[in-house]
Each structure stands twice: as structure tokens, then as C-alpha cells.
Chemist: 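Sharing a structure, written as C-alpha cells. Questions coming.
Below, chain A is the first sequence line, B the second, and so on; all start at residue 1. What you are looking at is a predicted structure, and each value in this text was computed from that prediction instead of being measured.
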Amino acid sequence: MTELAESYDPTTLEAKWREEWADSELYRYDDDETTDTDTQYVIDTPPPYPTGDFHIGNALGWCYMDFAARYHRLQGENVSFPQGWDCHGLPTEVKVEENQGIRRTDVSREEFRELCIEHTEGQIDAMKETMQRLGFSQDWEQEFQTMDPDYWAKTQRSFVEMAEKGYVHRDEHPVNWCPRCETAIADAEVENVDSQGTLATVRFSGIDNDDLEIATTRPELLAACVGMAVDPDDERYADRIGDSFEVPLFGQEVELIADEAVDGEFGTGAVMICTFGDKQDVDWWAEYDLDLRPVVTEDGRLDESVAEFGGLDLDEAKAEITTALQKEGYLEDEEPIEQSVGACWRCDTPIEILSKEQWFVRVDQDEILSKAKEIEWVPEHMYGRLEEWTEGMDWDWVISRQRVFATPIPAWSCDDCGHWHIATLDDLPAKPTEDDPATECPECGASEWTGETDVMDTWMDSSISALHAAGWPEESFEPVQLREQGHDIIRTWAFYTILRTAALEDEKPWEEALINGMVLGTDGNKMSKSKDNSVAPIDVVEEQSADAFRQAIALGGQPGSDIQFQHKEVTSASRFLTKLWNITRFASDHLDAADEAEPSYTDTDRWIHSKCARIADDVAADMDEHRFDRALRTVREFVWHDLADDYLELVKGRLYEGTPEEQAAARQTLSTVLSASIRMLAPFSPFLAEETYRHLPGTSGSVHAAGWPELDAEDESVEARGERIAAVASAVRAWKSEAGMALNADLDRVEIYPDDGIDEFDTGDLRATVNAPIEVAAGEPDIEMVPVETDPDHSTIGPKFRDQAGAVVGALEDADPGDIAAQKREQGEIELDANGEVVVLDGDAVDVRHEQRAAGETVEVLDADGATVLVFP
RNA sequence: GGGCUCGUGGUCUAGUUGGUUAUGACGCGGCCUUUACAAGGCCGAGAUCGGUGGUUCGACUCCGCCCGAGCCCA
């Protein structure tokens with residue numbers, strides 16, 4: 001094998017492989033229809049929003065996907081790891097307006113779209129660069145952008161098919177409205193933010209009756225007041241239900257109703273009902289068949305029709321109306337109050353509820369939940385998030401947006417009768433603002449159409465990502481294997497994807513949903529630029545390496561939990577990578593020689609080989625359940641402590657001075673185990689794995705096209721012999737170190753006294769390592785060993801003696817350890833007096849710890865896991 | 001207010017059918033040039049497992065309550 005460079009230099013090494021991989025077909029998905037679908041592993045990769053910044057939160061999710069993708073490739077599966085971009089949306093529109101110094105209405109729709117596309121492409125390039133630096137293995141042949149006509153034609157198709165199945169309707173209905181973005185938004189896009197408000201107590205004059213005071217935080221909506229409400233159980237108002245009142249300043253007459261939803265503890269216990277202050281108002285308005293008095297405009301002002309205050313924006317209106325109420329004597333009280341208001345999740349502007357004609361997708365809660373239940377959620381409790389959200393849905397999903405840069409809604413209204421015509425599949429992709437359908441109106445026969453200018457919610461684009469990844473609509477749909485995403489978007493992306501896949505294909509979208517947590521900064525808080533605790537992945541890659549960064553992410557915690565990013569984990573990973581580099585370098589000095597001799601394996605060889613087989617199974621099991629943290633920990637532990645500390649040290653003697661047969665055995669074992677270790681590490685640290693793997697003898701091509709290690713395990717007794725050898729070597733090494741001796745210092749001899757029956761094992765490797773003749777002796781060592789302590793095995797004694805166990809252990813502690821040791825040695829069982837009752841327990845249930853006392857000859861006594869080791873220096 | 005998740009050495013973390021001396025990392029202190037590696041090795045200090053009550057022969061683990069943190073929802 002060729003020798004590795006003297007030192008590990010991640011920067012050049014990672015750059016080299018990045019370039020080689022980019023030009024290769026290593027990660028290509030085989031889309032041939034003849035390919036066995038049983039060995040497919042398709043990932044529904046999140047299409048991120050092209051902000052231009054691939055941050056550490058993204059990196060967490062992509063690391064998980066890449067670990068899974070690379071692992072499943074090693075398992076011989078045909079992996080599809082596509083990458084899309086969720087291009088449409090308001091933030092890009094705003095950015096383009098800013099950069100170009102224009103309003104979107106200054107240019108044509110088409111021109112504005114073009115500017116958005118151009119801007120988006122630049123953002124994508126920047127994020128792609130970071131992804132590649134991090135070593136992710138997407139198949140770039142499958143890259144897609146939701147703004148491509150190919151893709152948005154699919155979005156339109158999904159809309160048309162859903163309309164045909166009766167999922168789509170166009171109606172006037174109250175919707176959440178962002179007055180800054182000037183568009184309808186869905187429930188999922190409303191976030192509740194806590195704020196400081198003012199609770200005003202306003203007196204309504206009774207008509208032929210006494211006055212009544214209501215409490216409100218929104219006096220600016222008085223003009224929209226259509227009713228008043230109190231709790232039916234509220235005795236203060238028991239005889240007032242049905243009374244009429246006059247709304248202050250605006251004069252309309254409203255009636256007092258009783259409804260249990262009113263909180264009698266809040267304010268005066270009486271509230272006003274407006275169209276619309278909040279969702280509760282919408283419920284009352286519908287239930288009691290109240291008037292509709294819309295007073296808020298799409299840009300967040302009072303409508304011109306509102307007497308005196310028309311045209312004011314809502315904040316001004318609040319101030320002026322409050323002043324007017326005071327002047328007229330209607331304002332009884334004002335006090336500050338903590339309140340939670342709905343806000344647009346993109347711009348934090350408080351939302352309004354306006355009644356508008358919009359396009360809706362029907363939310364079928366039962367259908368969604370039944371599909372969601374079929375999905376395996378990792379971790380399991382994340383299903384609860386989706387369930388809670390789904391059960392709480394009370395409005396259909398409003399999918400129309402009054403924007404430009406998004407997928408057009410393929411529909412037209414008839415100029416004569418107003419009938420809405422939805423495109424047929426043949427019309428797609430359709431640009432309704434430019435082209436008319438070539439049909440007559442089925443209602444009235446007219447042929448003049450006006451295209452819909454509303455566009456779709458961008459979640460309509462991204463919620464078919466699973467379908468797209470599975471080749472829809474060309475190929476028949478089967479759930480894909482994996483969805484990976486953050487828990488913050490369960491109510492949106494996961495929810496909508498399940499809804500859409502159920503509606504279109506009557507299927508769950510994925511077999512498994514792997515949900516990641518958030519990445520916290522070093523101070524334990526969620527990372528944010530304003531808190532100055534954020535870390536850019538690209539900086540870590542430049543300072544240390546992508547390979548180390550990826551390990552740090554894997555070890556941050558088990559998937560699903562929030563992880564705190566720790567530079568020390570990167571440091572520790574770097575050390576491990578250097579260690580592996582040096583192990584490979586050592587191997588490269590020895591694995592060159594052609595082995596013609598028949599290998600003669602020792603217990604040491606059989607042990608590491610067998611242990612490696614078991615480790616490979618354990619790690620595979622962890623990878624199968626996405627326990628990346630445990631998998632990597634296991635690999636690291638094995639490589640560092642078993643392979644490097646123990647095995648390598650034990651076979652050095654043979655490698656340098658053994659017979660051809662002995663050397664052949666050591667070389668082959670080392671080669672096999674190192675190769676297996678590197679393959680197990682490959683999903684986590686693909687760059688170093690690639691470099692080291694290609695230096696091993698007998699390998700060809702990339703480690704990422706290799707197979708998962710398949711080694712034969714030996715039976716336990718074989719492994720136990722090796723463990724014995726390693727434990728003795730380790731004990732002697734530690735003792736030499738402590739005694740201030742050179743580790744290769746000569747010793748007179750070493751005697752081993754096993755007390756667990758493992759007394760036959762090869763001693764050749766051990767002799768070379770500890771640099772002393774080895775004797776394995778039966779019985780007790782010939783020095784004075786004093787039993788000093790008993791050590792009961794609770795897992796044997798507990799179940800056997802149940803409520804007597806405490807007394808038995810107590811008796812054991814009180815007994816003379818020498819007596820226990822003697823009974824154990826002579827009878828194989830131990831008789832005790834436990835609180836006056838004689839009990840007999842098996843000798844194996846008690847260990848006796850010995851201590852060396854005053855020996856004549858100079859000797860050191862070491863404990864090596866079930867064996868006593870005597871060292872004669 | 002409801003729901004979910006979580007409290008383990010200075011810091012981060014492992015420990016899902018209850019059972020030896022509670023895992024590892026980083027950091028800290030000490031010792032050591034050993035034919036892969038000082039970017040290393042060895043040793044050490046450091047935790048009443050958030051608190052409290054219960055179930056049990058036995059609780060970091062199961063249950064109740066309390067305290068604290070975070071997330072989601074209202």
C-alpha cells in the first residue's frame with residue numbers, strides 16, 4: 001500500500017475529494033425502472049428557502065440525512081438523495097424590491113418574476129457551496145427548483161387533481177390577513193406574540209335601559225361592533241340578556257347575548273363582538289347570525305366609509321377613538337394588560353381577520369391523522385405535535401395569496417356570469433394572467449375570461465416534495481423511506497405534506513419521519529445573530545474540518561433533542577481523526593509486503609476480528625434507528641481503545657519480528673479490521689475515510705461505493721481469551737507508566753492467575769508487548785493474598801432471596817472475608833446466618849477482593865478483569 | 001391555562017425490560033520521548049444523578065407531588 005502523507009491536513013484533503021466527487025457518479029440514483037424497488041432508499045429532502053445562508057440548524061438536518069444516505073449506500077441500497085429549493089415567497093419579493101429600488105407594481109408581473117428568479121439563483125449558489133464544503137452527498141442530477149416551470153406545473157397539476165376530487169373550494173370566508181404583506185395567510189403562518197396592551201372599559205348606552213360597560217383592547221374596532229356578550233352564568237348580567245345598546249361614537253344598535261365562551265373574570269365580564277377582532281368573533285358572528293361590518297382595509301386602515309375616522313391607520317385610529325371616547329364620556333377606565341396577539345410569522349406584523357373571497361383546501365382531520373399514524377415518527381412523541389395541531393384546526397387551509405412570485409392558480413372567471421373555471425391537465429403549465437382557456441363557459445356559453453391573479457401559498461409547492469421525490473406523477477406512488485425535518489415545521493411542512501399525499505394518492509408520504517431538534521449556542525440559548533451566540537458551519541470547516549464538524553453534530557445528542565453546539569466536540573473529533581490517520585500510517589508501513597505464507601492466527605487476531613464483527617452489527621442496528629450518536633461513539637471507542645491501544649500494541653512484535661506465518665496473520669487481520677472501521681466511519685467523516693480507505697491494500701474505488709463490513713464473529717469464549725490478553729497487557733502498561741518505567745522496559749517475568757476459568761490463551765503477543773516471559777498458573781498465586789472485602793452480586797441474590805436479600809447482604813458484609821473466601825474455595829457455596837436464619841448461596845454470587853500483604857520477593861500484584869497478575873520486575 | 005420534552009462531575013453528554021465501583025468527552029493537576037501518533041500515552045481529582053414522598057429485597061431508571069428550563073398550543 002502507498003504511504004499516507006506524514007501529517008493529516010484536512011484542508012487540502014477535503015478540497016481534493018470534493019473535486020473528485022463532483023466529477024464522479026458516486027452518488028447517482030439509479031432511476032432505471034427495472035431496478036429492484038425493495039432496495040430503494042428515497043429521501044424526501046427539505047427544499048430550503050434560498051436565503052443565501054446555510055446555517056447550523058440546516059447543517060444539523062442535512063448531517064442526519066447524509067449519515068442515513070451514506071449508510072444505506074454502504075448497505076447496498078439504491079439511494080435517492082435529491083436536493084430542491086423552495087424559491088417562491090414574500091421574502092424574496094421584498095429583497096428584490098429593496099435591491100432594485102422599486103415597488104413590485106412598478107414593473108410587469110413577468111418582469112418582476114424574472115428579477116426574483118435571478119436573485120434566487122445567486123442565493124442558491126451560495127448555499128450549495130456550503131453544502132458541498134460540508135461533504136453532503138446529494139445527487140445533483142436530481143436538483144429541482146420550485147420556480148422552474150417543470151416543477152410548478154406539478155404544483156398546478158396537484159391543485160387541479162385535488163379540485164377534481166373535491167378538496168378545493170373558492171368562497172368568501174374570514175381569513176387571517178397580514179396588512180403589511182397585504183395577503184391572506186394560513187393558520188399555520190400565524191404566530192402568537194406576547195405584548196403589552198391597554199384594556200379599555202367602555203360604556204355602552206342602554207336603549208330604554210341602563211348602560212353597560214364592556215372591556216376591550218381594540219376600541220379602534222368599535223365601528224365594526226355587531227354585538228355584545230356575557231357569560232350566561234354571570235349573575236351581574238342575568239337579567240340583561242337580549243337588551244339593546246348603542247355603540248358609542250358610531251351609533252349602531254347591538255344586542256347583548258349570553259355565551260359560555262366569555263370569561264367572566266376578564267375586565268367587566270362583558271365584551272363586544274366585532275367583525276372581526278379575533279377568531280372568537282368569527283364563531284359568534286356565524287353562530288348568532290350577526291351583521292357583517294367590515295371596517296379594516298387590506299393595508300391596515302379604517303375604511304373611508306367609517307365616519308370621522310376613515311383612512312386612519314389602526315394605531316392612529318386607536319389613539320383618536322380613545323381620545324374621542326374620553327371626550328364624550330364613554331371611557332370609564334384604562335389599564336395596561338399583558339396580551340397575546342396573532343402576528344404574521346414572516347414579518348411579525350399583527351394580523352387582522354378579514355372576510356375575503358379566497359381559494360381553500362379542505363382539511364380532513366380524520367384522513368390526515370389516519371395517515372400520520374401509519375408513519376414511524378422518530379422520536380415517537382413528535383407524532384403528538386402533529387396530532388395536537390391537526391385536532392386544533394378549525395378553518396380550512398387558505399391557499400391563495402395576493403402576491404406575484406409564486407405558482408399561479410390555474411383558474412379563470414367568466415366575464416359574463418362570474419363562473420370559475422379551473423384548468424384541465426392539458427392546459428398545464430398555465431399562466432392565467434397571460435393566456436385564456438380555449439373553452440366556452442359551461443354556465444353561460446360566453447368565451448371571455450379573466451385570469452386569476454392570486455397565486456398559491458408556497459407550502460403548496462413544497463408539500464408535494466415527497467411526491468416529486470418518488471417520481472410523481474409519471475411513476476405510481478409509493479411512500480418514500482425517509483423524511484427529515486425540524487420540529488418547528490411539523491405544523492406546516494409535515495402537516496401539509498401528509499394532507500396532500502393523502503388527498504392525491506390516499507397514501508402516507510413517508511415510511512419514517514425523523515425529526516431533529518434545534519441547535520443551541522454555547523450559552524445554552526437558541527442561536528441568534530442578535531444574541532451573538534451563533535456559529536457558522538463554514539467557519540468551523542475552515543478552522544478545523546468538515547469531518548470533525550460532522551462528528552460534533554452527530555455526538556451532540558440523540559436525534560430529536562435540541563443539541564448545544566460545542567467546539568470541544570470538534571476538537572475531540574479532530575484528535576480522533578488524527579489518531580485514525582496515524583493508525584493507517586502505521587499500517588501502511590506493514591501492509592505492503594506480499595503475504596505468501598499461510599496465516600497462522602493467534603487469539604489476539606481472532607479476538608479483534610470477532611469483536612469487530614459484533615461492533616459492525618451493533619453500529620448497523622444504531623444506524624437503522626438513526627441513533628447516530630451511539631453509533632459513532634461505538635466506532636470511536638472501538639478504533640481508539642481496542643484497535644489502537646490494544647491490538648496494535650499486541651501485534652507490533654509479530655509485525656516487526658514474527659515468522660512469515662505470524663506476520664501474515666497480523667497483516668490480514670489488521671487490514672480487515674481497519675478497513676471495516678473506516679467503512680463504519682465513512683458516513684460521519686467521508687473525506688478522511690476516503691483518503692485512508694484508498695491507501696489500504698486490496699481496495700478499489702471509493703469507500704462510499706463499498707459495502708458495510710460483513711465479518712464472521714467467533715463464539716464468546718474466543719473473544720474472552722482475547723479480552724484476557726488485552727486486559728493483562730493494559731494492566732502491565734498502566735503499571736509501568738505509573739512506576740516511571742519505559743513501556744518497553746524488560747521484566748523478569750509475569751505470572752497470570754485467572755480466577756474465572758479462562759486459563760488457556762496464546763501468550764506470544766503478550767510476551768512481546770510486556771517484554772517478559774509469561775506464565776499462566778492455576779490456583780492461587782504463591783504470595784500472601786489477604787481477602788479484604790466481599791462483593792455480592794445483587795442481581796443474583798436479590799431475586800433469589802427477595803425480602804431476605806437485605807439481611808443476606810448484611811450478613812455477608814459482617815462476615816470475615818477470609819471465611820467467605822475459604823467456603824467459596826472449599827465448598828463452592830457459602831453458608832451464612834442471616835438474622836438467625838441459615839441461608840446457603842452459590843459461590844458465584846459473591847466475589848472476594850484480595851489485597852497483597854507483605855511478600856518476601858519483590859513483586860507487584862495487578863488486577864486485570866478476572867485475573868490476578870504478578871509482575872516480577 | 002393545557003400538552004410535550006428535559007434536569008447526571010466546572011461544562012456538554014451516555015445510561016429505555018429496575019441489579020457490581022454511574023459512561024465518555026472537553027477542561028484541570030501530575031508523570032512519561034515508547035521503531036503510527038506529544039495533535040500522543042498513563043495516572044489522578046471532580047457527581048449525595050433537581051428536590052421530596054412512594055412502590056420494591058434493591059430506584060439515575062417506575063409512580064405521585066414540588067422546583068427549574070425549553071418547546072408547542074390556547
Chemist: Rounded to whole angstrom units, what separation is found between the CD1 atom of A:Ile563 and the P atom of B:U13?
Modeler: 10 Å
Chemist: When you measure from the side chain of A:Asp562, which nucleotide among B:G70, B:U34, B:A36 comes out closest?
Modeler: B:G70
Chemist: Using atom P of each nucleotide, how far apart are B:G2 and B:A14 to the nearest Å?
Modeler: 29 Å
Chemist: Using the C1' atom in both, what is the distance from B:G40 to B:U23, to the nearest Å?
Modeler: 23 Å
Chemist: Kindly say whether A:His590 contributes a backbone atom to a donor-acceptor pair with the side chain of A:Arg667 at under 3.5 angstrom?
Modeler: yes
Chemist: Under 6.0 Å from the ring centre and within 45 degrees of the ring axis: does the NZ or CZ of A:Arg575 meet both conditions for the six-membered ring of A:Trp640?
Modeler: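 Not satisfied by the 6.0 Å and 45° rule.
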Chemist: Base, sugar-phosphate, or nothing: which does A:Gly560 touch, judged by heavy atoms less than 4.0 Å apart?
Modeler: nothing
Chemist: Distance check needed: B:C57 C1' versus A:Phe801 CZ, whole Å only.
Modeler: 11 Å
Chemist: Step by step, would you call A:Asp605 with A:Tyr647 a side chain to side chain donor-acceptor pair (under 3.5 Å)?
Modeler: CA-CA 8 Å; A:Asp605 298 324; A:Tyr647 183 72; 2.6 Å; yes
Chemist: Give a yes or no on whether the ring-centroid distance for A:Phe67 and A:His626 is below 6.0 angstrom.
Modeler: no
Chemist: Using the P atom in both, what is the distance from B:C71 to B:C28, to the nearest Å?
Modeler: 33 Å
Chemist: Let me know the distance between CG of A:Leu650 and P of B:A36, rounded to the nearest Å.
Modeler: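 Rounded to whole Å, this separation is 14 Å.
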Chemist: Could you tell me the separation between the CG atom of A:Leu520 and the P atom of B:C12, rounded to a whole number of Å?
Modeler: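 Going from A:Leu520 (CG) to B:C12 (P), I get 11 Å.
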Chemist: Assign the ring pair A:Tyr656 / A:Phe586 to parallel, tilted or perpendicular, where the plane angle (0 to 90°) is split at 30° and 60°.
Modeler: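 If you compare the ring of A:Tyr656 with that of A:Phe586, the planes turn out perpendicular.
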Chemist: Please work out if A:Ala745 contacts a base, only the sugar-phosphate, or nothing of the nucleic acid, heavy-atom cut-off 4.0 Å.
Modeler: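 Counting heavy atoms under 4.0 Å across all strands, no contact is made by A:Ala745.
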Chemist: Under 4.0 Å between a side-chain nitrogen and a carboxylate oxygen: does that hold for A:Asp618 and A:Lys611?
Modeler: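 Judged by the 4.0 Å cut-off on N to carboxylate O distance, A:Asp618 and A:Lys611 do not form a salt bridge.
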Chemist: NA contact type, A:Lys736, heavy-atom cut-off 4.0 Å: base, sugar-phosphate, or nothing?
Modeler: nothing
Chemist: Base contacts versus sugar-phosphate-only contacts with protein, heavy atoms under 4.0 Å: please encode nucleotides 15-28 of chain B as B, S and - from 5' to 3'.
Modeler: SB--BBB---BSS-
Chemist: Rounded to whole angstrom units, what separation is found between the CG atom of A:Asp194 and the P atom of B:G1?
Modeler: 13 Å
Chemist: Using 30° and 60° as the class boundaries, would you call the ring planes of A:Phe628 and A:Phe684 parallel, tilted or perpendicular?
Modeler: perpendicular
Chemist: Using atom P in both nucleotides, what's the gap between B:G3 and B:C66 to the nearest angstrom?
Modeler: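 Their P atoms lie roughly 12 Å apart.
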Chemist: Tell me if a side-chain donor or acceptor on A:Lys736 pairs with a main-chain N or O of A:Val770 at a distance below 3.5 Å.
Modeler: yes
Chemist: As an exercise, state the distance from CD of A:Glu569 to CD of A:Gln564, rounded to the nearest 0.5 Å.
Modeler: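 Those atoms lie 10.5 Å apart.
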Chemist: Distance check needed: B:C37 C1' versus A:Phe576 CZ, whole Å only.
Modeler: 13 Å
Chemist: With rounding to whole Å, what would you report as the distance between B:U61 and B:G1 at their C1' atoms?
Modeler: 31 Å
Chemist: Answer with base, sugar-phosphate or nothing: what part of the nucleic acid does A:His487 contact at a heavy-atom distance below 4.0 Å?
Modeler: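 It contacts sugar-phosphate atoms only.
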Chemist: Should A:Ser545 and A:Asp547 be marked as a side chain to side chain donor-acceptor pair (under 3.5 Å) after you check the CA-CA gap, both sets of side-chain angles, and the distance that decides it?
Modeler: CA-CA 5 Å; A:Ser545 66; A:Asp547 277 344; 5.6 Å; no
Chemist: Identify the stems formed by RNA chain B, where each pair is Watson-Crick or G-U wobble with both distances under 3.5 angstrom and a stem is at least 3 consecutive pairs.
Modeler: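 In RNA chain B, stems of three or more pairs: B:1-7 with B:67-73, B:10-12 with B:24-26, B:28-32 with B:40-44, B:50-54 with B:62-66.
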Chemist: When you check the gap from the basic side-chain N to the acidic O, do A:Asp629 and A:Arg627 get nearer than 4.0 Å?
Modeler: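 Answer for the salt bridge query: yes.
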Chemist: Please determine whether any donor N or O and acceptor N or O are separated by less than 3.5 Å between the side chain of A:Lys279 and the base of B:A74.
Modeler: no
Chemist: Can you tell me the distance, in whole Å, between the CG atom of A:Asp488 and the C1' atom of B:C72?
Modeler: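 Spelled out: CG on A:Asp488 to C1' on B:C72 is 11 Å.
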Chemist: Is there a side-chain contact between A:Asn192 and the phosphate of B:A74, meaning an N or O under 4.0 Å from OP1 or OP2?
Modeler: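 For B:A74, OP1/OP2 do have a side-chain N/O of A:Asn192 under 4.0 Å.
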Chemist: Nearest to the side chain of A:Lys579 - B:A74, B:C37, B:U35?
Modeler: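 So the side chain of A:Lys579 is nearest to B:C37.
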Chemist: Less than 4.0 angstrom between a side-chain N/O of A:Trp640 and OP1 or OP2 of B:C37, yes or no?
Modeler: no
Chemist: Reckon A:Trp389 touches a base, only the sugar-phosphate, or nothing at all at heavy-atom distances under 4.0 Å?
Modeler: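 A:Trp389: backbone/sugar contact only, no base atoms under 4.0 Å.
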Chemist: Mind checking the P distance from B:C4 to B:C43? Whole angstroms is fine.
Modeler: 46 Å
Chemist: Within the 4.0 Å limit for protein heavy atoms, which parts of nucleotides 2-8 of chain B are touched? Write it as a string from 5' to 3', B for base, S for sugar-phosphate only, - for none.
Modeler: B-SS---
Chemist: For A:Ser730 and A:Gln566, take the nucleotide of RNA chain B holding the closest heavy atom to each; which residue's nucleotide lies nearer the 5' end?
Modeler: A:Gln566
Chemist: Under 4.0 Å between any heavy atoms, over every strand shown, what does A:Asp645 touch: base, sugar-phosphate, or nothing? Just pick one.
Modeler: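 Counting heavy atoms under 4.0 Å across all strands, the contact made by A:Asp645 is with sugar-phosphate only.
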Chemist: What is the distance from CG of A:Leu648 to C1' of B:U34, rounded to the nearest Å?
Modeler: 13 Å
Chemist: Look at the aromatic rings of A:Trp389 and A:Phe495 and report parallel, tilted or perpendicular, splitting at 30° and 60°.
Modeler: perpendicular
Chemist: Taking B:U17 as the reference, what is the distance to B:G27 when you measure between their C1' atoms (whole Å, please)?
Modeler: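 Taking atom C1' in both B:G27 and B:U17, they lie 37 Å apart.
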Chemist: What nucleic acid atoms does A:Glu649 come within less than 4.0 Å of, heavy atoms only: base, sugar-phosphate, or nothing?
Modeler: base
Chemist: Would you give the length of the straight line joining atom CG of A:Asp842 to atom NZ of A:Lys824, rounded to the nearest 0.5 angstrom?
Modeler: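 Between A:Asp842 CG and A:Lys824 NZ, I get 9.5 Å after rounding to 0.5 Å.
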Chemist: Under 6.0 Å from the ring centre and within 45 degrees of the ring axis: does the NZ or CZ of A:Lys279 meet both conditions for the six-membered ring of A:Trp395?
Modeler: yes
Chemist: When the P atoms of B:U52 and B:U16 are compared, how many Å lie between them, rounded to an integer?
Modeler: 23 Å
